[in-house]
Amino acid sequence: MYTQLSMSIPKALTIAGSDSGGGAGIQADLKTFSAFGVFGMSALTAVTAQNSLGVHGVHELPPEFVARQIDAVLGDFGADAVKTGMLASAPIVRAVAARLRAHRVERLVVDPVMVAKSGDSLLQPDARGALIAEILPLALVVTPNLDEAAALAGMPVETPAEMREAARRIHALGPRAVLVKGGHLKTDATDVLWDGRELTRFDAPRIESSNTHGTGCTFSAAIAAGLARGRGLPEAIREAKAYVRRAIQEGVQPGHGVGVLRHFIREW
């Protein structure tokens, strides 16, 4: 019975940075995987000295060691879905892309992390081109917020119409689908999904809350968890959006700065 259970549980891998404050990065990803009943695994790209007030330091891991972690996990456990978060530098981006191709990862969620909630940079300037060239073409879905969509699409993204155009431009870079997140819109928090054929809107009223650190990490991890459980992409996004909304609503403020989501929400 134990062997059968251990072989059947959905598995997901996060390739991202560590948030020592516990609200974002691999910490948020692993909590989210667990909340969805998915066995979570991790490959660290960087370690941050971080709290609710900001990022106080970043130590990148050697690209070859990042690659070794991915090989160790996927060579033994495999993964039903993989997500990437903070990739930090161009050499790390290239190392991650090489291993994802080698292991023929199909369900890849790319959260193009560029800047922390505090405004601190989490992606070196020369890494953006590598991310576009090496990682986006491997993605089942890429999940930029408005600022990240603007950087990837090369245009301002501040309105629903600009979100739709940015999604089309980013899709032309190679991912199978693009989800432009509207959490920073001044109106409702509407997300837009473009898969090259159909445009799908995910509407939700705005939540006014200061407990939002780790929202992007949690959303992309929840999508990956849904994919690992066999959900189609639109259904995985709907479940993830509902989960994130509840996690924000029940968020907490453990430090002196930006609050965090409650990943193990009541009645989930």
Q: Mind checking salt bridge (Lys or Arg N to Asp or Glu O under 4.0 Å) for Arg197 and listing every partner two or more places apart, or none if nothing turns up?
A: Asp195

Q: Check Leu123, Ile15, Leu61, Thr45 against Ile92 for a side chain to side chain contact (heavy atoms under 4.5 Å, CB included) and give me the one that passes.
A: Thr45

Q | The single option from Thr14, Asp29, Thr32 passing side chain to side chain donor-acceptor pair (under 3.5 Å) against Lys83 | A | Asp29

Q: Only counting residues at least two apart or in another chain, list the ones meeting side chain to side chain donor-acceptor pair (under 3.5 Å) with Lys31.
A: none

Q: For the pair Arg201 and Asp191, find out whether any cationic side-chain nitrogen is under 4.0 Å from an anionic carboxylate oxygen.
A: no

(Q) Going by side chain to side chain donor-acceptor pair (under 3.5 Å), name the residues that satisfy it together with Ser42, two or more places apart in sequence or in a different chain. (A) none

(Q) Suppose the criterion is salt bridge (Lys or Arg N to Asp or Glu O under 4.0 Å): which pairs have a residue in residues 171-181, not counting sequence neighbours? (A) Glu106-Arg176

Q. Any link between Leu30 and Val109 through a network of hydrophobic side chains (Ile, Leu, Val, Met, Phe, Trp, Tyr) touching at under 4.5 Å?
A. yes

Q.
Leu261 and side chain to side chain contact (heavy atoms under 4.5 Å, CB included): which single residue from Val252, Ile248, Asn211 fits?
A. Ile248

Q. Does a donor on one side chain and an acceptor on the other come within less than 3.5 Å for Ser52 and His256?
A. no

Q. What pairs of residues pass the salt bridge (Lys or Arg N to Asp or Glu O under 4.0 Å) test when at least one of them lies in residues 45-67, not counting sequence neighbours?
A. none

Q: For residues 86-102, pull every pair meeting salt bridge (Lys or Arg N to Asp or Glu O under 4.0 Å), keeping only residues two or more places apart or in separate chains.
A: Asp71-Arg99, Arg101-Glu134

